[in-house]
Structures are given as structure tokens and as C-alpha cells.
Novice: 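Before I ask anything, let me first share the structure, which is written out below as C-alpha cells.
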Amino acid sequence: MATLKFLSFLTLQLILIANNCEGVEVGFYQKTCPNVEAIVKETTKHYISIAPTLAAPLLRMHFHDCFVRGCDGSVLLNSTKGNKAEKDAIPNQSLRGFQVIDAAKSALEKECPGIVSCSDILALAARDAVSLINGPTWAVPLGRRDGRVSILSEASKNLPTPFDNFTTLKTTFGALGLNVKDLVVLSGGHTIGMSHCFSFSSRLYNFTGKGDMDPNMDQNYINHLKIKCKPGDVTTIVEMDPASFKSFDTDYYTMVSKRRGLFASDAALLTDTQTKHYVLSQLNQHRSTFFKDFGESMVKMGQIGILTGREGEIRKHCAFRN
């Protein structure tokens, strides 16, 4: 039954990719809302200047949006009396930064009402958040439309988890048209942000159910993490990249190479020849291709399952269907 469900999900995602691989372009709003990128960037800059740690949640929000129903802004929708939305799924309950998207939408509705989709705003805000904390920038193809459906269970089932091994990650990414290089490159987004202890505590205290530690994690790092994360801790948060968790850089790959990636999914990158080679190739900052690669993979991810033309809608408020 589980296999049949997964095959149905895989077929659906491939259909979405095939039907929607075109329709977005850089400069899509040039005639209808020429200041769209400047308005989103200024709004994002305002919030990031106050709280730099919002950059990681904005990037993660775009990622979580695209991995469920494609990049259609469905993660932005609120639950209703008759439906629990993606936003309330456990993996999304720690998302922050919705106020940034709402503020940008409000400004754009004054500038060019009914023109710019919430899904496009999210794609731009994720790019701007990264660039504002010393990361790369990239041209964002625009023209997405907003979806009308958001279902909690789909987020729970379809989002990658911190506990995934390489085979599972490869399958999940592959189902959405992303290859192994995209997987290792997009994982580099863990160079910014924080995580709750419960996302990795099994690696510290009960890796195989026998009260043991994960042998794939550096012993000294485990001892360091145990000081912060006690058994059963569900509230404490720690930096994913302690050396520079507020700055977008290549340090994540250094951490992974030293077996200090926080999640099992980070450690999984060392279990495959191709991803391990990429990790090690980024350790020399002067030869690193990560910034260029990240922009390319973000553009690719940003076109998963998009709605274009007359599909979907242009929401007036990002948290509600029209």
C-alpha cells in the first residue's frame, strides 16, 4: 500500500513538472508592475536589517512551498474551519517570516493591484534574503500563479526530513525533477539557520534504539551538543552552522566533511560518491562553485509544479484564497 501511494505521488509530481516546465520568465512584470523586484527587496531588507535570522526561514519557506504541490504559495495559506493547511503540518510549524511576504504583498497591491502572485513574492524574498546576508544572487523567473489548495497531510508526507538517508533523499528530490547535484547544493542552505534539538537528538542518545550514538557523527561534536540538548528536549534550538549561522557561506561543507553535519540527512551526503566529491570540492573557498551552483539549483527548484497562464489565481491576501 505504501509503495502504491508513493508511486501515485511520483506520477502526480512528474505530470506537474511536464505540464508546467514553461511559462515563467525573468522580467515577467516589466510592463505590468516594473518595480516589483525593488519593492520586494526593500521590504525584505527592512526585516532582515532588524532580524538577520529571518533569512533562513524565508529560504526554507520557499523550499517547503515548492516541495508540496509545486511553487504555488500553498504554504502561505491559513487553515480554515473545514481544512487543515500545510502551514500547520509539524515540519512547517517552525516556519517564520510570513509577515515579510504579507508586507511585500501589501506594498505591491498599492503599486499594482491584482498583478503579482504571492508565490512570486516568496521566490523573490528567498533570493533577496540570501543575498542580503552575503550570499549569492540570481535572476528569478517570474509569472507563477497562486494555488487554491493546501493540505496538511501532503506536507507531512512529501517534505524531506532531517532523518532521511541518501536513498530516500535521492528519491524525494528525483520525483520533483531535481538531480543529485541539486540535492547536495540545496542542502548547502543549511549554512544558515537554527534547528530544534529533537531534529537530531536521536543521533546523540538513541541512534538505533539501543541508547547509542551515531557513529557517523564526530564524537567531540556529540559531546558538545549533549551540553545544549538534553534527552527529550523539545524547546532548545542550536545553530546548524555554528561558525557562521547568520552568514551565507561554504562553511556548511566544512562541517559536513568533519562529520559535524547536524542532521542524519547532512551525514548522508558523505555516503554517496558524487555528493561526497561535491562536499570536498567546496572546501577551497577560492575554487568553490557553491554560490553559482546554488543560484542555478534555486531557479530549477523554483519551477517545480508551477501554475501559469489562467491556472490558479492572484491572491489579494497571501494567507487566504480569493
Novice: Does Phe98 belong to the same Ile/Leu/Val/Met/Phe/Trp/Tyr cluster as Val40, with side-chain heavy atoms less than 4.5 Å apart forming each link?
Specialist: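 Result: yes, single cluster for both.
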
Novice: Inspect the contact between Arg321 and Glu313 and indicate whether a charged nitrogen and a carboxylate oxygen are less than 4.0 angstrom apart.
Specialist: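 No, this pair does not count.
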
Novice: Do Lys45 and Asp128 pass the salt bridge (Lys or Arg N to Asp or Glu O under 4.0 Å) test, and can you show the C-alpha distance, the side-chain angles, and the key distance before you say yes or no?
Specialist: CA-CA 8 Å; Lys45 183 178 181 180; Asp128 295 337; over 6 Å; no

Novice: Go through the side-chain N and O atoms of Tyr252 and Asp266 and say whether any donor and acceptor fall under 3.5 Å apart.
Specialist: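 Tyr252 vs Asp266: donor-acceptor pair found between side chains.
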
Novice: To the nearest 0.5 Å, tell me how far Cys66 SG sits from Met61 CE.
Specialist: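 One finds 12.0 Å between SG of Cys66 and CE of Met61.
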
Novice: For the pair Phe248 and Phe290, name the ring-plane relationship: parallel under 30°, tilted 30 to 60°, perpendicular over 60°.
Specialist: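 The arrangement is parallel - the two ring planes meet at less than 30°.
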
Novice: Has the side chain of Arg203 got a donor or acceptor atom that lies under 3.5 Å from a matching backbone atom of Ile222?
Specialist: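 Side chain of Arg203 to backbone of Ile222: no pair is present.
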
Novice: Checking Asp164 against Ser265: is there a side-chain donor and acceptor pair closer than 3.5 Å?
Specialist: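 On atom types as modelled, these side chains do not qualify, holding no pair under 3.5 Å.
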
Novice: Hydrophobic clustering (ILVMFWY, side-chain heavy atoms < 4.5 Å, transitive) - are Ile101 and Ile115 grouped together?
Specialist: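 Shared cluster, yes.
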
Novice: For Glu239, what residues pass the salt bridge (charged side-chain N to carboxylate O under 4.0 Å, His left out) criterion, not counting sequence neighbours?
Specialist: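 For Glu239, the residues satisfying salt bridge (charged side-chain N to carboxylate O under 4.0 Å, His left out) (neighbours in sequence not counted) are Lys228.
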
Novice: Strictly below 4.0 Å, N to O, side chains only: are Arg127 and Glu37 in salt-bridge contact?
Specialist: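 Yes, Arg127 and Glu37 are salt-bridged.
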
Novice: Ignoring hydrogens and geometry beyond distance, is a side-chain donor-acceptor pair present between Gln93 and Asp88 at under 3.5 Å?
Specialist: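 Not at all, the side chains of Gln93 and Asp88 share no donor-acceptor pair under 3.5 Å.
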
Novice: Would you check if there is a donor-acceptor pair between the side chains of Ser74 and Glu86 at a distance under 3.5 Å?
Specialist: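 Judged by distance alone, the side chains do pair up.
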
Novice: Between the side chains of Asp212 and Thr208, does any donor sit under 3.5 Å from an acceptor?
Specialist: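 Side chains of Asp212 and Thr208: pair found under 3.5 Å.
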
Novice: Aromatic rings Tyr221 and His224: how do their planes relate, parallel, tilted or perpendicular, breaks at 30° and 60°?
Specialist: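 Plane angle under 30°, so parallel.
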
Novice: For the pair Asn83 (side chain) and Ser150 (backbone), establish whether a donor and an acceptor sit closer than 3.5 Å, ignoring hydrogens and angles.
Specialist: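 Confirmed, Asn83 side chain pairs with Ser150 backbone.
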
Novice: Could you measure the distance from the CE atom of Met298 to the CD atom of Gln303? Nearest 0.5 Å is fine.
Specialist: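 Reported to 0.5 Å precision, the distance equals 12.0 Å.
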
Novice: Just wondering, more than 12 heavy atoms not from His317 lying within 6.0 Å of its NE2?
Specialist: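 At most 12 heavy atoms, drawn from other residues, nucleotides or ligands, come within 6.0 Å of this atom.
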
Novice: Would you call Lys300 and Asp182 a salt bridge, using N to O less than 4.0 angstrom?
Specialist: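 Asp182 and Lys300: salt-bridged.
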
Novice: Distance-only, no hydrogens or angles: does the Asp146 side chain make a donor-acceptor pair with backbone N or O of Cys118 under 3.5 Å?
Specialist: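 It does hold such a pair.
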
Novice: Is the backbone N or O of Gly147 less than 3.5 Å from a side-chain atom of Arg69, with the two atoms forming a donor-acceptor pair by type?
Specialist: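 Between the backbone of Gly147 and the side chain of Arg69 there is no qualifying donor-acceptor contact (under 3.5 Å).
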
Novice: Going by atom types alone, do Asn35 and Tyr29 pair a side-chain donor with an acceptor below 3.5 Å?
Specialist: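 Per modelled atom types, Asn35 and Tyr29 side chains form no pair under 3.5 Å.
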
Novice: What I want to check is whether the side chains of Ser244 and Asp251 have a donor and an acceptor closer together than 3.5 Å.
Specialist: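 A donor-acceptor contact under 3.5 Å links the two side chains.
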
Novice: Suppose we call two aromatic rings close when their centres sit under 6.0 Å apart. Are Phe163 and Phe200 close by that rule?
Specialist: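 Aromatic pair excluded; centres sit 6.0 Å or further apart.
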
Novice: Between Thr171 and Thr167 (side chain of the first, backbone of the second, donor and acceptor by atom type, cut-off under 3.5 Å), is there such a pair?
Specialist: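 It does hold such a pair.
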
Novice: Kindly say whether Gly309 contributes a backbone atom to a donor-acceptor pair with the side chain of Arg145 at under 3.5 angstrom?
Specialist: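 Yes; judged by distance alone, with no hydrogens or angles, the pair exists.
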
Novice: Please confirm whether the backbone N or O of Arg315 pairs with a side-chain atom of Lys105, one donor and one acceptor, at under 3.5 Å?
Specialist: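 Yes; at least one donor-acceptor contact below 3.5 Å.
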
Novice: Can you tell me how far the CG atom of Asp293 sits from the CH2 atom of Trp138, to the nearest 0.5 Å?
Specialist: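 That separation rounds to 12.5 Å.
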
Novice: Is it true that a side-chain atom of Ser281 and a backbone atom of Tyr278 form a donor plus acceptor pair closer than 3.5 Å?
Specialist: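 A pair under 3.5 Å: yes.
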
